[in-house]
S.K.: 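Structure in structure tokens, see below.
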Amino acid sequence: MQANKRSGRVAEMPSSTPPAESISSPAETREDLLKLTGRRYTVARHVLVQQPNSEIHRPSVLGPIVTDRKRRSLQLYLLLLTVQSLVQARDDKGEPPLRAGVLARALCTEKGRKWTPTHVSAAWNDLEDRGLVERRRLPHGVVVKPRREDGKADYSKPGQKKGDRWETYFVIPPEFWTEEWFERLSLPGLAMLLIIASETSNKAEVWLTNQGAAGWYGMSERSVQAGIADLKNHGLLDIRVEWVKASLSAIGATDRHWYSLLSPFSYDERRALQKQAKAELEARQLAASADNKPSRLSTSRKKSLKRSKPAPDSQPNPTQEKALRE
């Protein structure tokens with residue numbers, strides 16, 4: 001406080017705490033992060049949930065995360081994959097990395113668990129142990145970047161090599177973040193959402209058995225059942241039952257369960273999202289190409305000026321002077 005010389009009253013120093021209405025909410029933070037990525041949705045390789053057919057051991061990193069009950073680690077890694085382009089762009093420009101407080105606020109919801117920078121740090125430690133992130137300390141913070149979704153290689157943009165099973169990917173619509181499904185779903189529910197989204201990236205539905213899914217993805221049958229029930233209870237999953245002949249069955253038939261995701265994660269919506277993003281990318285690339293292309297008029301104008309440029313020992317006439325000034 002400082003004394004006012006005229007009135008003798010003590011003047012209060014401005015508060016360093018901003019008013020509540022001036023602080024970005026978790027929802028606003030998530031929305032801004034999505035906008036800054038340029039594409040808004042999340043891209044993840046299939047190897048997040050399962051290794052390619054060439055591998056003897058098919059389960060990947062998702063199963064152990066579920067078994068170890070590392071829900072925060074999975075949420076934070078998915079957020080990192082979503083904002084990866086923003087993280088890289090800031091690093092390339094030498095800008096400060098995203099603060100733990102920003103990520104913690106983005107992962108908070110009104111009814112869900114609260115996040116603090118301490119939670120973010122603990123999740124980074126776990127993800128680093130699993131080979132899913134790498135950290136680099138700078139004078140003004142710590143840059144955290146993802147590693148490939150199976151934790152076995154450095155990260156690169158998915159889909160660079162067509163036909164390569166290690167490069168194929170699936171997408172998660174922005175509603176996963178804007179409608180808070182990342183927190184509304186249980187850990188088994190999140191896992192089954194990722195598994196079914198991965199398996200239906202090129203088709204509308206997938207046939208799964210609880211026992212088969214447990215072995216393929218490295219989770220318990222109980223977790224598979226709980227995840228399917230969670231998606232079903234939230235209205236995100238459709239189950240189609242198909243009866244087929246089975247001579248060794250007591251009733252001579254057996255049922256198969258085909259799973260498909262419903263809005264906002266349906267096959268059609270995810271495909272439309274990818275097409276829209278591809279069209280927007282091509283439009284941006286075309287605009288950038290047009291901006292960098294030299295104008296024909298300016299090129300011809302330069303040639304005209306070059307032809308009209310006077311000899312060194314001669315004096316330009318008024319017309320030439322005007323042309324040079326232009």
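Predicted model, so just to flag it, every value in this text is computed and none were measured.
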S.K.: How many angstroms lie between atom CG of L194 and atom CG of L78, to the nearest 0.5 angstrom?
M.R.: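 Interatomic distance, L194 CG to L78 CG, rounded to 0.5 Å: 5.5 Å.
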S.K.: Verify, without hydrogens or angle tests, whether S60 (side chain) and D150 (backbone) share a donor-acceptor contact under 3.5 angstrom.
M.R.: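 Looks like no, no N/O pair under 3.5 Å.
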S.K.: Which atom pair, heavy atoms only, marks the closest approach of S223 to P188?
M.R.: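 Closest approach of S223 to P188: O-CB, 3.4 Å.
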S.K.: Is Y155 reachable from L132 through a run of hydrophobic residues whose side-chain heavy atoms are each under 4.5 Å from the next?
M.R.: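 Linked, L132 and Y155 end up in one cluster.
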S.K.: With rounding to the nearest 0.5 angstrom, report the OG to CZ distance, S201 to R271.
M.R.: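 One gets 7.5 Å once the value is rounded to the nearest 0.5 Å.
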S.K.: Does E242, at its CD atom, have more than 12 non-hydrogen atoms belonging to other residues, nucleotides or ligands within less than 6.0 Å?
M.R.: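 It does: E242 CD has more than 12 such atoms within range.
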S.K.: Are V66 and L48 connected in a single hydrophobic cluster, I mean Ile/Leu/Val/Met/Phe/Trp/Tyr linked by side-chain heavy atoms less than 4.5 Å apart?
M.R.: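 Shared cluster, yes.
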S.K.: Are V206 and L231 co-members of a hydrophobic cluster defined by side-chain heavy atoms under 4.5 Å apart?
M.R.: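 Yes; tracing contacts between hydrophobic side chains, which count when under 4.5 Å, links both residues.
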S.K.: Same cluster or not: are Y267 and I196 linked, directly or through other Ile, Leu, Val, Met, Phe, Trp or Tyr residues, by side-chain heavy atoms under 4.5 angstrom apart?
M.R.: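 Hydrophobic grouping puts Y267 apart from I196.
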S.K.: Looking only at heavy atoms, what is the nearest atom pair of L33 and T37, with distance?
M.R.: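 Here L33 and T37 meet closest at O-CG2, 3.1 Å.
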S.K.: Determine whether I195 and V224 fall in the same hydrophobic cluster, where Ile, Leu, Val, Met, Phe, Trp and Tyr are linked whenever their side-chain heavy atoms lie under 4.5 Å apart.
M.R.: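 They do share one cluster, since a chain of ILVMFWY contacts under 4.5 Å joins I195 to V224.
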S.K.: Set out, in order, the CA-CA distance, both residues' side-chain angles and the distance that settles side-chain contact (heavy atoms from CB on, under 4.5 Å) for K111 and E180, then state yes or no.
M.R.: CA-CA 10 Å; K111 297 181 180 180; E180 302 180 352; over 6 Å; no
S.K.: In sequence, state the C-alpha distance, the side-chain angles, and the governing distance for H119 and Q75, and then conclude on side-chain contact (heavy atoms from CB on, under 4.5 Å).
M.R.: CA-CA 11 Å; H119 292 128; Q75 291 170 321; over 6 Å; no
S.K.: Should L81 and E149 count as side-chain neighbours, where that means a heavy-atom distance under 4.5 Å?
M.R.: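 When only atoms from C-beta onward are counted, E149 and L81 do touch, with a gap below 4.5 Å.
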S.K.: Please report the shortest heavy-atom distance between P59 and G215, naming the atom on each side.
M.R.: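 Result for this residue pair: CG-O, 3.4 Å.
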S.K.: Mind checking the CG-CG spacing from L261 to D268? Nearest 0.5 Å is all I need.
M.R.: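 The CG atom of L261 sits 12.0 Å away from the CG atom of D268.
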S.K.: Any side-chain to backbone donor/acceptor pair from R30 onto R105? Under 3.5 Å, distance only.
M.R.: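 No, the answer is negative, given that no donor and acceptor are paired below the 3.5 Å cut-off.
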S.K.: Taking the side chain as C-beta and beyond, is there a heavy-atom pair between L193 and H234 under 4.5 Å?
M.R.: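 The answer is no, as the side chains (C-beta and beyond) never meet within the 4.5 Å cut-off.
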S.K.: Mind checking the CD1-CG spacing from I228 to L236? Nearest 0.5 Å is all I need.
M.R.: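 That separation rounds to 13.5 Å.
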S.K.: Just verifying a value: how many Å separate L107 CG and L79 CG, rounded to the nearest 0.5 Å?
M.R.: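 Here the rounded value is 5.0 Å.
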S.K.: If you define the side chain from C-beta out and look only at heavy atoms, does anything of T67 sit under 4.5 Å from S220?
M.R.: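 T67 vs S220: side chains apart.
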S.K.: Kindly say whether P96 contributes a backbone atom to a donor-acceptor pair with the side chain of R90 at under 3.5 angstrom?
M.R.: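 Pair found, side chain donor or acceptor close to backbone of P96.
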S.K.: Check V49 against L62 and note the closest heavy-atom contact, atom names and distance.
M.R.: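 That would be CG1-CD2, 3.5 Å.
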S.K.: Could you tell me whether a side-chain N or O of R147 sits under 3.5 Å from a main-chain N or O of G131, the two making a donor and an acceptor?
M.R.: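 Yes; at least one donor-acceptor contact below 3.5 Å.
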S.K.: Sorted by first residue and then second, give each salt bridge (Lys or Arg N to Asp or Glu O under 4.0 Å) pair with at least one member in residues 212-234; sequence neighbours left out.
M.R.: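 Residue pairs with at least one partner in residues 212-234: there are none.
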S.K.: Rounded to the nearest 0.5 Å, how far does CG of L80 lie from CG of L98?
M.R.: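 Spacing of CG (L98) from CG (L80) equals 9.0 Å.
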S.K.: Consider salt bridge (Lys or Arg N to Asp or Glu O under 4.0 Å). Of K157, R45, R148, which one does E167 pass it with?
M.R.: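 Only one option passes, and that is R45.
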S.K.: May I ask you to check whether over 12 heavy atoms, not counting those of K114, lie within 6.0 Å of atom NZ?
M.R.: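 Atom NZ in K114 is packed in, count exceeds 12.
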S.K.: Salt bridge or not for E31 and R40, using N-O below 4.0 Å?
M.R.: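 Judged by the 4.0 Å cut-off on N to carboxylate O distance, E31 and R40 do form a salt bridge.
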S.K.: Using the side chain to side chain donor-acceptor pair (under 3.5 Å) criterion, which residues pair with W115? Sequence neighbours excluded.
M.R.: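 Not a single residue meets the side chain to side chain donor-acceptor pair (under 3.5 Å) criterion with W115.
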S.K.: With sequence neighbours excluded, give me every side-chain hydrogen bond (donor to acceptor under 3.5 Å, both in side chains) pair touching residues 204-219.
M.R.: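 Counting only pairs at least two positions apart or across chains, the side-chain hydrogen bond (donor to acceptor under 3.5 Å, both in side chains) contacts touching residues 204-219 are E199-Y217, E205-R240.
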S.K.: Indicate the ring-plane relationship of F176 and F182, choosing parallel, tilted or perpendicular according to the 30° and 60° boundaries.
M.R.: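 It falls in the tilted class, 30° to 60°.
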S.K.: Charged N to carboxylate O below 4.0 Å: is that the case for E183 and R71?
M.R.: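 Yes.
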S.K.: Where do V241 and R256 land on the side-chain contact (heavy atoms from CB on, under 4.5 Å) test, with the steps shown first?
M.R.: CA-CA 6 Å; V241 179; R256 291 179 176 177; over 6 Å; no
S.K.: Shortest non-hydrogen contact from A104 to P117?
M.R.: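 Shortest heavy-atom contact: CB-N, 4.0 Å.
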S.K.: For a quick test of reading the model, state the closest non-hydrogen atom pair linking R270 to A197 and the distance between them.
M.R.: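 What the structure gives for the nearest pair is NH1-O, 3.1 Å.
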S.K.: Members other than Y41 in its cluster, when Ile, Leu, Val, Met, Phe, Trp, Tyr link by side-chain heavy atoms under 4.5 Å?
M.R.: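 In the cluster with Y41 are V43, Y169, V171, L273.
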S.K.: With salt bridge (Lys or Arg N to Asp or Glu O under 4.0 Å) as the rule and sequence neighbours excluded, what pairs involving residues 127-137 come up?
M.R.: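 The answer is D68-R130, D91-R136, D126-R130, E128-R135.
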S.K.: Are T82 and L34 close enough, and set up right, to give a side-chain contact (heavy atoms from CB on, under 4.5 Å), and what steps lead you there?
M.R.: CA-CA 8 Å; T82 306; L34 289 174; 3.7 Å; yes
S.K.: Could you work out, with side chain to side chain donor-acceptor pair (under 3.5 Å) as the rule, every residue matching S198, not counting sequence neighbours?
M.R.: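 Only H46 meet the side chain to side chain donor-acceptor pair (under 3.5 Å) criterion with S198.
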S.K.: In the structure I gave you, are the side-chain heavy atoms of V120 and L76 within less than 4.5 Å of one another anywhere?
M.R.: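 Yes, side chains in contact.
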